[in-house]
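So the structure is just underneath, and the comments pick up after that.
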Amino acid sequence: MTRDGEELISTHCCFCGMQCGMNIRVKTVDQSVVGVEPRYDFPMNGGRLCPKGVAAYRQAEHRERILHPLIRKNGQLVKATWDEALDLVTSKIQDIQGKYGKDAFGLYSGSSMTNEKCYIMGKFARIGLGTKNIDYNGRYCMSSASYGFNQSVGIDRGSTNPWSDIKEADVLVLAGSNTAECHPLSMPYIWGARDKGAKIIVIDPRETKTALVADVHLDIRPGTDVAIGNGLLHVMIADGLVDEQFIEQHTTGYERLKEVVASYTPQRVAEITGVAPEKIITAARLYGQAKEGMVMFARGVEQHATGTDAVSTYVNLSLVSGKIGKKGSGFATFTGQGNGQGGREHGQKTDQLPGFRKITDPKAREYIASVWGVEESEIPGPGLSAFEILQQLGKEIKGLLLVCSNPIVSSPSIGDVGEYLKGLDFFVAIDMFMSESAELADVVLPSTVWIEDNGTTTNVEGRVVRLKGINRRPGEVKADWEIISEIADRLGRGKYFKYNSPEEIFNELRVASKGGIADYYGITYEKLEKMQGVFWPCPTEDDEGMPRLFEDKKFNFPDGKAKILAFEHKGPNEQVSEEFPLILSTGRVVYHYLSGNQTRRIEALTNFCPDPYVEIHPNTARQYNIGNGELVKISSPRGHIKVVAKITKIIREDMIFVPYHWGKQLAINHLTNPALEPKSKIPEFKVCAAKLEKIETLGEKHG
Ligand SMILES: Nc1nc2c(c(=O)[nH]1)N[C@H]1C(S)=C(S)[C@@H](COP(=O)(O)OP(=O)(O)OC[C@H]3O[C@@H](n4cnc5c(=O)[nH]c(N)nc54)[C@H](O)[C@@H]3O)O[C@H]1N2
Ligand SMILES: Nc1nc2c(c(=O)[nH]1)N[C@H]1C(S)=C(S)[C@@H](COP(=O)(O)OP(=O)(O)OC[C@H]3O[C@@H](n4cnc5c(=O)[nH]c(N)nc54)[C@H](O)[C@@H]3O)O[C@H]1N2
Ligand code: SF4
Ligand SMILES: [Mo]
């Protein structure tokens with residue numbers, strides 16, 4: 001309820017892909033933010049928020065906001081006017097592109113932005129800058145799921161089902177997802193399913209808070225998901241727990257799968273994964289015998305050198321059992337960033353144009369050229385992926401625009417990334433807080449935070465929702481789309497970027513997506529408000545969107561059949577060795593978000609989790625004589641950091657785990673392996689080889 005002198009601005013959380021609904025409380029007199037309330041009317045979170053959601057609004061009036069453009073002078077970033085900063089950016093772009101060609105200026109973008117901003121980034125790169133080298137941080141995040149879904153069912157919507165279907169399942173498989181910490185507001189759905197009698201299978205090397213609700217916990221050795229998936233399929237096939245009729249009518253490739261998984265007996269899979277054969281059999285039977293079931297996974301499965309194989313292997317569980325296209329049956333990846341779904345649809349991926357179109361498809365190029373009012377030949381082809389862009393800094397790429405990402409914390413092997421960044425002739429970053437990456441820039445431009453923005457995002461389910469902004473901005477900050485439009489104007493490309501509002505951008509995006517896989521044409525701002533969001537595809541204005549995919553059992557291939565794809569277990573790119581005997585895996589905690597540039601500034605969150613730590617099993621700790629809370633050095637072939645030991649039985653003995661939300665000397669990405677999955681180009685964040693050393697304190701040495 002609105003209090004006297006206050007207004008409620010209805011929006012959605014800026015953090016994870018759940019996109020929980022919230023009302024921002026502002027004072028009517030000056031629009032200053034006083035607090036937040038969860039929205040009861042929004043079905044995803046029904047009146048709840050997690051700790052990050054509750055604290056998110058504190059960014060708006062944070063004393064560390066960047067309030068003015070900054071230009072580096074004599075080594076220091078100093079306050080400048082917008083004109084000075086944008087003139088400098090424009091002249092540097094022109095210099096670099098004049099000297100080295102258009103592709104020598106790159107754009108590295110992010111998915112924590114609205115659909116409207118993500119769309120503008122893709123368009124600006126192609127016809128503002130004319131560069132092929134644009135990619136985004138979702139490459140580190142959603143790319144294996146995206147590739148896996150496309151190769152298996154021909155469409156990449158994170159979830160085939162609305163979240164309400166979770167409660168309708170008789171069994172849930174949760175693989176490589178720490179749902180309780182990373183998508184906390186999904187837990188009520190999982191508890192809801194369990195309360196109705198559903199069985200829960202968790203596949204994770206750690207006994208996470210999510211695994212605590214499991215009936216069966218398969219604590220696999222990291223990097224062995226293809227093997228465990230094949231093992232489950234082996235048992236299902238051996239026990240006749242497959243739907244022959246569905247396979248026959250709606251899929252191809254089953255015979256090959258049967259051949260491949262024949263050798264993945266529970267015994268052999270137990271050797272590869274370290275999970276007892278009986279547990280594998282139990283899990284396979286629970287899933288196979290259930291009438292309805294959802295298979296859900298996240299980065300634990302995907303951030304591997306074989307991530308796309310693992311995704312398609314888990315999708316196979318749904319396909320061979322016909323548990324898809326029904327209430328309570330389907331598969332999903334837990335979309336990471338707030339707009340991790342929309343961010344991968346509207347053309348900020350290097351190989352993509354809006355509407356999930358391929359940039360190499362002549363028809364798609366013709367169509368988008370007509371929407372943008374340019375010649376088809378003016379749209380560049382595919383360029384480098386995110387990590388490849390970083391590797392080419394100073395080589396193929398001499399200038400970089402960074403928007404909404406902090407790659408010097410979030411990239412693998414960041415010692416090398418630091419060197420790449422130093423090779424740039426010119427580096428401009430847009431952020432609302434000074435990130436570890438922006439600190440290295442020649443120009444920093446201040447952006448709005450999300451509650452100062454209007455626009456839309458697309459959540460974990462594929463539901464497009466409407467975000468409203470407060471009518472107040474501190475200092476001289478501008479929205480990203482305004483900044484980009486001004487740069488385009490200065491580059492003489494302004495006529496393509498004449499927008500007065502995010503709604504105008506959205507209306508162009510609708511047309512650009514029309515007829516594409518992610519068709520937003522029928523979605524309008526008005527409809528989004530009336531309907532609590534709309535699921536894509538929504539091709540016409542009288543269409544209400546499609547909450548559940550594949551109800552007609554038609555998959556997105558010319559023959560309408562899903563592809564059952566079979567893969568052998570290959571394991572991680574880097575194996576443990578005598579020198580580096582432990583598996584290091586990395587991930588998240590509930591209190592922080594990604595590189596931490598936002599959440600490390602919010603006291604309500606850092607008070608709970610001020611520093612990184614390493615989880616070590618008691619037996620492993622004993623081997624190294626490490627006590628709880630002691631300082632340890634962790635090293636990999638690429639670097640080392642020192643953190644505090646957290647000794648815990650939740651982790652396997654052959655591995656250690658470190659959250660990655662900190663920068664500089666506390667960044668675990670000094671150690672991670674930059675090996676990329678060959679198809680999705682995701683780095684292998686979830687496995688590298690490492691060693692542990694106890695750091696002798698002065699007291700111990702002398703005493
Ligand atoms: N609190 C919080 N929430 C977030 C985020 C955040 O930074 N903080 N980020 C958002 C984003 S962008 C993302 S991508 C998501 C990520 O969400 P999740 O993927 O759920 O999070 P992670 O902690 O990266 O990894 C999940 C789990 O994978 C397990 N794992 C490691 N290796 C393997 C393996 O080989 N196989 C299997 N099966 N499991 C393995 C880890 O033990 C871990 O529990 O969270 C989103 N939500
Ligand atoms: N070791 C390890 N590394 C990982 C992962 C892992 O599991 N382990 N996970 C990977 C994953 S899944 C992801 S998604 C990446 C993410 O890693 P990053 O791409 O670095 O993501 P963020 O930390 O969110 O960085 C976003 C930056 O943009 C700013 N920002 C937020 N909103 C906006 C906006 O609207 N406009 C502008 N201009 N700026 C904004 C924030 O202040 C922040 O500085 O990290 C990856 N790195
Ligand atoms: S679950 Fe995700 S979207 Fe919901 S409040 Fe927490 S961080 Fe925000
Ligand atoms: Mo992510």
Side-chain angles (χ1 to χ4, degrees), residues 12-22 36 38-39 42 44-45 48-56 110-112 137-143 145 173-188 202-211 218-229 273 275 296-304 306-307 310 314 333-340 343 405 410 457 459-460 465 571-572 583-596 598-599 605 609 615 650-652 655 657-661 682 684-687:
H12 293 266
C13 179
C14 60
F15 292 128
C16 84
M18 293 293 292
Q19 288 299 283
C20 295
M22 57 169 72
V36 67
R39 270 174 54 191
F42 188 63
M44 274 311 259
N45 57 310
R48 302 180 179 98
L49 292 172
C50 85
K52 284 187 307 306
V54 169
S111 248
S112 284
N137 66 2
R139 189 65 66 179
Y140 290 177
C141 179
M142 304 313 304
S143 59
V173 177
L174 300 168
S177 159
N178 186 3
T179 320
E181 297 207 57
C182 298
H183 296 86
L185 266 301
S186 287
M187 288 311 284
V202 168
I203 308 177
D204 194 305
R206 299 155 60 226
E207 193 182 9
T208 57
K209 301 233 161 53
T210 320
L218 307 179
D219 54 342
I220 61 169
R221 186 171 289 130
T224 62
D225 286 276
V226 173
I228 201 87
T273 62
V275 176
M296 307 178 75
F297 39 86
R299 304 311 86 73
V301 166
E302 301 158 16
Q303 289 171 328
H304 292 278
T306 54
Y314 281 116
T333 185
F334 284 91
T335 293
Q337 295 173 84
N339 197 24
S405 182
S410 57
T457 55
N459 81 348
V460 65
V465 297
I583 301 170
L584 165 67
S585 195
T586 63
R588 296 159 165 78
V589 295
V590 69
Y591 300 110
H592 287 289
Y593 185 66
L594 303 180
S595 75
Q598 292 164 272
T599 48
L605 298 172
C609 186
E615 286 178 5
I650 75 152
I651 193 158
R652 290 174 57 96
M655 72 180 285
F657 174 89
V658 182
Y660 87 103
H661 312 288
I682 205 169
E684 190 155 65
F685 287 121
K686 288 292 182 267
V687 178

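Order of listing sets the numbers, starting from 1, for every ligand and every atom in it.
Relative to atom 9 (N) of ligand 1, the option among Q598, Q337, R588 with the closest non-hydrogen atom is R588. Of the candidates G336, C141, G176, G176 brings a heavy atom nearest to atom 26 (C) of ligand 1. Taking all heavy atoms of M655, M18, H592 into account, the minimum distance to atom 6 (C) of ligand 1 is reached by H592. Nearest to atom 38 (N) of ligand 1 by heavy-atom distance, out of D204, D225, V202, T333, is D225.
Shown in contact with V589 at under 4.0 Å from a heavy atom are these atoms of ligand 1, numbered in order with element: 1 (N), 2 (C), 8 (N). Applying the 4.0 Å criterion to heavy atoms of V590 picks out, from ligand 1, the atoms 1 (N). Heavy-atom contacts of G223 reach the following atoms of ligand 1: 34 (C), 35 (O) (cutoff under 4.0 Å). With ligand atoms numbered from 1 in the order given, ligand 1 contributes 44 (O) to contacts under 4.0 Å with heavy atoms of T208.
Among all non-hydrogen protein atoms, the one lying nearest atom 17 (O) of ligand 1 is C182 CB, 3.5 Å. Of the protein's heavy atoms, L594 N, 2.7 Å lies nearest to atom 7 (O) of ligand 1. Among protein heavy atoms, the minimum distance from atom 32 (N) of ligand 1 is reached at S585 OG, 3.5 Å. Among protein heavy atoms, atom 33 (C) of ligand 1 sits closest to G300 O, 3.2 Å. When hydrogens are left out, the protein atom nearest atom 25 (O) of ligand 1 is K686 CE, 3.4 Å; that is the closest non-hydrogen contact. Looking at atom 14 (S) of ligand 1, its nearest protein heavy atom turns out to be R299 NH1, 2.9 Å. Of all protein heavy atoms, the one lying nearest to atom 20 (O) of ligand 1 is N178 N, 2.8 Å. From the protein, the heavy atom lying nearest to atom 40 (C) of ligand 1 is P205 CD, 3.2 Å.
The local environment of CZ in R588 is crowded, with over 12 non-hydrogen atoms from other residues, nucleotides or ligands closer than 6.0 Å.
Under a cutoff of 6.0 Å and an axis angle of 45°, R206 and F657 form a cation-pi pair.
Using a 4.5 Å cut-off on side-chain heavy atoms (C-beta onward), Y660 and S410 make contact.
For ligand 1, none of its N or O atoms has an N or O atom of Y593 under 3.5 Å away.
Side-chain polar atoms of S112 and Y593 form a donor-acceptor pair below 3.5 angstrom.
For I220, every heavy-atom contact with ligand 1 shorter than 4.0 Å involves the side chain, none the backbone. Counting heavy atoms under 4.0 Å from ligand 1, residue E181 touches it through the backbone alone.
For ligand 3, the protein residues within 4.0 angstrom (heavy atoms only) are C13, F15, C16, M18, Q19, C20, L49, C50, K52, G53, P184, L185.
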